[in-house]
Engineer: 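Below you'll find the structure I mean.
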Amino acid sequence: MHAIKSIARVAKLSSLLLVTALFYTKSFAQQGRQIQDFDKGWRFNLGDVAHAGESATSDTKWRSLNLPHDWSIEGKFSKDNPASPEGGALPGGIGWYRKTFTVPAASKGKLTYIEFDGVYQKSKVWINGHLLGYRPNGYISFRYDLTPYLKYGSTNLVAVKVDNSVQPNSRWYSGSGIYRNVRLVTTAKTAIDQWGTYVTTPQVTDASATVDLKVKIKNNAVGSKTLNIKTSIYDAAGKVVATGGALPSKEQFNDTSFTVASSFTVKSPQLWSVDNPYLYKVVTEVLDGKAIIDNYTTTLGIRYFNFDADKGFSLNGKPMKILGVCDHHDLGSLGSAINVRALERQLQILKDMGCNGIRTSHNPPAPELLDLCDKMGFVVMDEAFDTWEWEKAKYDYHLFFKEWHKRDLEDQILRDRSHPSVMIWSIGNEIGQQSDTSALRIAPQLAAIVHSLDTTRPITAANNNPDTKNKIIASGAIDLVGYNYHEGEYAGFHDRYPGKKFIATETTSGLETRGYYEMPSDSIRVWPETWDKPFVREGNNVSAYDNVRPPWGSTHEMTWKVMKKYDFLSGMFIWTGFDYLGEPTPYSWPSRSSYFGIIDLAGFPKDVYYMYQSEWTNKPVLHIFPHWNWTPGKMVDIWAYYNNADEVELFLNGKSLGVKKKTGDELHIMWRVKYEPGILKAVSRKDGKVVLTREIKTAGEPAKIQLIADRKLIKADGKDLSFITVKILDKDGNVVPDADNLVDFKVNGEAFIASVDNGDPVSHDSFRVNYRKAFHGLALAIVQAKEKAGSIAFTATSKGLQTSTLVLTSR
Ligand code: GAL
């Protein structure tokens, strides 16, 4: 701990005495920073209301709700919604949110801020009738200082106007509203700034790590005072492993803000990695005498990484490929309203597949995503923009880029730069200006903004035209040359860009409908030729054999075969991990969500998930498909993904169909079999010993419902979720592969149905109802806890099927 003699901003003598007196009140001094969840108790009106920023305007007829909230997901699908099917075909519009709250008299003399993690989009915020500001970017975090306008000891009104009426403004589903968390933060007049700490690990060995910390103090107080700054680093068990502080230079004392740098040594550090994401906590306190006037916790992961032009990526000195996926921010049927458990479940499903990387396509993510990636072990490519000055969607961010890009990019880097998971910054996705000399100006400007705030991570841009004519690459601004697609050109990368480092910023774009199969051996080619077969199908289905791709993309196997071949290919981000709302390529209406996911919108893996699992994990995998309900005599391609075995033998009704093994660079094996009902059985063997056995039986008529909860015990915090998979079974317990039974759900007890889904990209049923048709035998119900602990009975009924009940507990 070091003493800091601070002569803060000199102000008029009269105010000096008053503020100093308040500043030293004991109750405050002991509290430090207060962070209050500000999500509850809002009023909402869909549609514009004149003067709703003013207190005199009544909101008594408005709906009551808690944040985060996405009003679009509550609407009806229609091709006529201005978002178009590309944007998810749900309504936008203008929405107003208001909340009244009291600020205790004891808060006088402190600073009170309202913090928004993201509002889509063009938000305006008022406090007690005063307009605080406007923020067009729907993905950026921001805060306002409420202090000058607050009424202490009485009621205050915050009002937020959200304008998502002018559309299309996005190439994917954005959602509308205050869809991320909101907080009220109260600090002393001298306090650590917003995103005011920055932690880096410049030197790491097994024996010790240097941890550098910068703390930015915002100094709004008047008068002179003596402050101490103390920082302690805690390990995961809560033990202090390093402690210290630092002194600002004398010149800084008079500034409205100053940064204090300090350095720590952690002996025998536990390194953060994707397999062991070990986290420390850096706790910084600002002390006035013995009183803590501010406290701030920063997550720390001690790690080092490198991108090498020849050897690719390494983490803590060990070579490793980034095996990542791109994802948009929606949470399927929950819409874009952030829910930590829903995000965590997505990441768990990806982790089980062997995925270790996330690209936040194509915008700053919710902060909770980065917290989870820190905690669960994912390498993050944190992306800023989908457009610069040229439009993609008519009313997208290109309209705001000139005025806002500096502020938005700075805020993103400041917010995210201490996360150990973040290892790449992307300054843009498929920016139109790749082809234009304006990129020679803009790319270096953006890179300079990033580098002014963080030099510990490389910058990339996701280029869909990665040849040497590309002006973003030619500008020299990017550290990693990012290729979107063009996997056929990976091998020649160094001929084109000698000595440069490579990252596959986006790959693949395989297309699949879960549970729908067209035999790859049936060489059906349908328009357009460049789209791989078979493509256009009644009902807007796409075969799930990993045999359909758009002209710019490739199948999953095509890309992975190249990726795994060359060490210099540091990693890849597959388009996409999960299906998302909007961009229903290769179709349009009546489809309203994507087919690109390795996992469908409801979170059910498609078959190709197991190809990755067999390649990316060590756990034994044997996955055979398709289902075994066909017309007798049909020739069926049976594929198997497997690992940890020498061979697989397939049996139909007890008769061997032969032993197969992968040869060369094959990623699956195949039998072509004439269908007859019965039992298909696969056995994988290593050294003659059975590793795994899988059976698929011809299913009979739907007879009953099976309910499987991902978690039966949830937290009674009003937010936690249980994801209940609903399976339609025949009388013998086999999933009926084409079952589309309508299932009704009922919840009794301390929970409610948050949403329902089945992964069908064509369904126009609302997600906010208590029924769903099964899609290829499956449906999903998401049950959300109330705030009271208790028992929850979840019942599923369907005409002609045996009813099923599941009991959950919230605690
Ligand atoms: C890419 C684009 C993504 C998505 C994808 C679909 O070109 O970067 O946002 O549109 O195509 O294949």
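One-based numbering along the sequence shown. Counting convention: from 1, in listed order, for ligands and their atoms alike.
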Engineer: Identify which one of N463, N464, T505 satisfies the side-chain hydrogen bond (donor to acceptor under 3.5 Å, both in side chains) criterion when paired with N484.
Structural biologist: T505

Engineer: Which residues pass the salt bridge (charged side-chain N to carboxylate O under 4.0 Å, His left out) test with E583, sequence neighbours left out?
Structural biologist: R171

Engineer: Note down each nitrogen or oxygen pair, ligand 1 side and protein side, whose separation is under 3.5 Å; give only atom names and the distance to 0.1 Å.
Structural biologist:
| unit_1 | atom_1 | unit_2 | atom_2 | d |
| --- | --- | --- | --- | --- |
| ligand 1 | 7 (O) | E430 | OE1 | 2.6 |
| ligand 1 | 7 (O) | E430 | OE2 | 2.6 |
| ligand 1 | 8 (O) | N429 | OD1 | 3.3 |
| ligand 1 | 8 (O) | N429 | ND2 | 3.0 |
| ligand 1 | 8 (O) | E430 | OE1 | 3.4 |
| ligand 1 | 8 (O) | E430 | OE2 | 3.4 |
| ligand 1 | 8 (O) | E506 | OE1 | 2.9 |
| ligand 1 | 8 (O) | E506 | OE2 | 3.1 |
| ligand 1 | 9 (O) | R171 | NH1 | 3.4 |
| ligand 1 | 9 (O) | R171 | NH2 | 2.8 |
| ligand 1 | 9 (O) | H362 | NE2 | 2.6 |
| ligand 1 | 10 (O) | R171 | NH1 | 3.0 |
| ligand 1 | 10 (O) | E583 | OE1 | 3.2 |
| ligand 1 | 10 (O) | E583 | OE2 | 2.4 |
| ligand 1 | 11 (O) | E506 | OE2 | 3.4 |
| ligand 1 | 12 (O) | S509 | OG | 2.6 |
| ligand 1 | 12 (O) | W552 | NE1 | 2.8 |

Engineer: Under the side-chain contact (heavy atoms from CB on, under 4.5 Å) test against T508, which residue among H556, M558, R549 passes?
Structural biologist: H556

Engineer: With R135 as the cation and F116 as the aromatic partner, state whether NZ or CZ is under 6.0 Å from the six-membered ring centre and within 45° of the axis.
Structural biologist: no

Engineer: Can the ring centres of Y612 and Y641 be said to be less than 6.0 Å apart?
Structural biologist: no

Engineer: Does K392 have more than 12 heavy atoms from other residues, nucleotides or ligands lying within 6.0 Å of its NZ?
Structural biologist: yes

